[in-house]
Amino acid sequence: PADHDIAPSTRRSQLRSAPAVFVLILVNVLVFLFEISAGDWNDPKVLHRIGALEPHAVVAQGEYWRLFTALFLHGGFLHLAFNLFALYVLGPPLERSIGTIRFLACYLISGLASSAGVVALNEIGLVQVAQVIGASGCIMGVVGAWAGFLLRHHHAPFAKQQLANVGLIVAIQIAFDLSTPQVSMAAHMCGLVAGFFLGLILAPGAARSSR
């Protein structure tokens, strides 16, 4: 069924049946409130202090924790709202398909892979990055996991249509990245690729049993 056919009460029950998505939304909101209390979210010094991803700090100073903390920081309310809306729409059905623990692992590993990818690409000179923040790498990991999962379940009802929808999301994201210089396309693509491979392997038993 199409999303617009789902009643609000059904939406709420969807979120209740997706505890990882609920917790991740809550954590991102709480961290954003902390971010507001820390100072201007557009100030690089403030972002540095609270954990933005800075390739130089990671490599030269060994601040590896930034690979993780940056995933929960956002550059303003719209940035946060966009990512959380995407998580709210895409997350619950995937969490129900692969399970809460696997979904959480997919989200966090994809995010860490996006951070590590940005650092690696910066080190070899393919991109030049000073600071990166946001859950977008995690969100693209969820998109990639959907693609990998649907490929494993390509005989399931609506799988091809859903895969086409995922492809459209990726195309829109790439177009947006190319037209918006301050957005880290490297982080998005690294998260997407990591999520795709995780989606391929996260539910092999279910994939084998599908007709």
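Predicted model only: the values in this text are computed from it and were never measured.
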Could you pull out the closest heavy-atom pair between [X] and [Y], with the gap in Å?
X    : Y    : result
A194 : A113 : CB-CB, 3.5 Å
L94  : A145 : CD2-CB, 3.8 Å
L67  : L112 : O-CD2, 3.7 Å
A135 : Y107 : CB-OH, 3.6 Å
S114 : G137 : OG-CA, 3.7 Å
A38  : I50  : CB-CG2, 3.9 Å

When you compare the side chain of [Y] with that of [X], does any pair of heavy atoms fall below 4.5 Å?
X    : Y    : value
S110 : M140 : no
L151 : F196 : yes
P19  : E95  : yes
H79  : S136 : yes
L90  : I169 : yes
L202 : F103 : no

- Item | Flag, side chain of R66 to backbone of A52, donor-acceptor distance under 3.5 Å |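 Checking the backbone N and O of A52 against the side chain of R66, a donor-acceptor pair under 3.5 Å is found.
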- Message: Please check: side-chain N/O of N122 versus main-chain N/O of P55, any donor-acceptor pairing under 3.5 Å?
- Response: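 No; zero donor-acceptor contacts below 3.5 Å.
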- Inspect the surroundings of CD1 in I101 and state if more than 12 heavy atoms from other residues, nucleotides or ligands are less than 6.0 Å away. no
- Task: Verify the neighbour count for atom CD of Q128: are there more than 12 heavy atoms of other residues, nucleotides or ligands below 6.0 Å?
- Result: no
Is there a continuous path of hydrophobic side-chain contacts, each under 4.5 Å between heavy atoms, that joins [X] to [Y]?
X    : Y    : value
F32  : L78  : no
L108 : W65  : no
F82  : V21  : no
V89  : L104 : yes

- Message: Under 3.5 Å, is there a donor on one side chain and an acceptor on the other for H48 and E54?
- Response: yes
- Task: Would you kindly say whether H74 and E35 are connected by a side-chain donor-acceptor distance under 3.5 Å?
- Result: no
Return the [atom1] to [atom2] distance between [X] and [Y], rounded to the nearest 0.5 Å.
X    : Y    : atom1 : atom2 : value
L168 : Q173 : CG    : CD    : 11.5 Å
S115 : L71  : OG    : CG    : 4.0 Å
I98  : W146 : CD1   : CH2   : 8.5 Å
Y88  : I25  : OH    : CD1   : 8.0 Å
S184 : L53  : OG    : CG    : 8.5 Å
T69  : I133 : OG1   : CD1   : 10.5 Å

- Query: Does the gap between the ring centers of F68 and F72 come in under 6.0 Å?
  - Reply: yes
- Query: What's the verdict on side-chain contact (heavy atoms from CB on, under 4.5 Å) for L121 and C190, showing C-alpha distance, side-chain angles and the deciding distance?
  - Reply: CA-CA 10 Å; L121 292 171; C190 289; 4.1 Å; yes
